[in-house]
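Taking it in order: structure first as structure tokens, then the write-up.
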Amino acid sequence: MPATDETMDEFAVAGSAMSAECDIWFAMPPGFVEVPLPASPPDPPDAAATDGLEMLTELVPEEQYESLRSSMDEARAMGRLLARTGAVHLSMGVHHGESGEVLHSVFLIKWEEVPWAPPKLAAAKAALASSEAREAELVDLPCGPAAVVESLNEREGQQVFQLTGYLPHPDGRRVAVLALSTTAESGHAHYRDMFHGIARMVSFDNPLPSQLREQVPEGREVAAARDVFG
């Protein structure tokens with residue numbers, strides 16, 4: 001999952017990627033800042049998220065600061081709802097459009113439980129179940145077969161372009177849902193390239209170098225079993 005001080009080649013490695021409970025790894029392009037999803041009990045204010053917001057403000061004209069902060073507050077509110085529906089990651093991105101305008105986007109990953117099925121069938125079923133699909137395709141990613149759905153819908157008076165990927169986990173019982181959405185009216189090819197780049201980096205097996213994997217602590221279940229059985 002995305003970013004700390006340690007680097008793996010050109011990638012920054014997030015603390016979440018070093019958790020024993022992590023079960024999906026991915027990489028985000030520049031311009032995205034993670035919006036922390038609420039924990040129970042709630043986490044204290046996240047300094048990294050605050051720093052990330054300040055970094056985003058450097059990418060937009062001063063007159064758009066308030067709009068950006070408002071969008072970030074909306075993303076946090078969305079995160080509180082998404083955390084109850086299996087969401088494990090939420091990021092907000094700031095990008096420059098073809099004519100120099102500043103555009104916002106939102107990236108989400110969540111898990112959906114599904115009846116057991118072979119991965120390719122699970123991907124196809126998930127895509128067919130999407131009620132907003134304008135286009136859908138089956139693709140082969142390094143992590144396995146997947147389906148990508150493209151949609152363009154009106155929400156609250158704005159056109160929202162969204163790409164959604166359905167990546168079945170090898171256990172056949174759940175699907176990772178990746179969604180990238182933006183209100184940008186053009187430049188959709190850029191977002192397609194960005195989304196497919198993110199999807200190609202997804203892994204269900206820890207891709208970190210061995211020296212980093214050795215630093216991952218024991219999972220709770222493993223530690224509990226060792227305490228009982230020695």
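This one's a predicted model, so the numbers in the text were calculated from it and none came from an experiment.
- Scanning all heavy atoms of the two residues, the minimum distance from Ala146 to Leu141 falls at CB-CD1, 3.7 Å.
- Qualifying side-chain hydrogen bond (donor to acceptor under 3.5 Å, both in side chains) partners for Thr164, counting only residues two or more places apart in sequence or in other chains: Gln162.
- Summarising the geometry of Ala136 relative to Val149, their closest heavy-atom pair is CB-CG2, 4.0 Å, with the distance given to 0.1 Å.
- A salt bridge (charged side-chain N to carboxylate O under 4.0 Å, His left out) check over residues 113-129, counting only residues at least two apart or in different chains, returns nothing.
- In this structure, CZ in Phe195 is found 11.0 Å from CZ in Arg200, a value given to the nearest 0.5 Å.
- Not a single donor-acceptor pair under 3.5 Å links the side chain of Thr183 to the backbone N or O of Val160.
- Taking 4.5 Å as the limit, some side-chain heavy atom of Phe204 sits within range of a side-chain heavy atom of Leu167.
- Atom CG of Asp205 sits in a sparse spot, with 12 or fewer heavy atoms from other residues, nucleotides or ligands closer than 6.0 Å.
- From Glu185, atom CD reaches atom CG of Leu152 across 10.0 Å, with rounding to the nearest 0.5 Å.
- A tilted orientation is assigned to the rings of Phe107 and Phe26, their planes being inclined by 30° to 60°.
- The minimum heavy-atom distance between Leu178 and Ala199, with the atom names listed, is CD2-CA, 4.3 Å.
- Of the inter-residue distances, the one linking His89 atom NE2 with Glu34 atom CD reads 5.0 Å to the nearest 0.5 angstrom.
- Scanning both residues, Ser91 and Phe32, for their nearest heavy atoms gives CB-CD2, 3.9 Å.
- Put simply, CG on Leu163 and OG on Ser151 are 7.5 Å apart, with the number rounded to the nearest 0.5 Å.
- Atom CG of Asn206 is separated from atom CH2 of Trp25 by 4.5 Å, given to the nearest 0.5 angstrom.
- Considering CD1 of Ile24 and CZ of Arg174, their distance stands at 9.0 Å, rounded to 0.5 Å.
- Residues Pro168 and Pro119 come closest through the heavy atom pair CG-O, 3.1 Å.
- Heavy atoms only, all atoms of each residue included: His104 and Val94 are closest at CD2-CG2, 4.1 Å.
- In this structure, Asn153 and Gln159 have side chains that are not in contact, with every pair of non-hydrogen atoms separated by 4.5 Å or more.
- In this structure, the side chains of Leu180 and Ser105 come closer than 4.5 Å at one or more pairs of heavy atoms.
- Hydrophobic clustering places Val202 together with Val139 (ILVMFWY residues linked when any side-chain heavy atoms are closer than 4.5 Å, directly or through intermediates).
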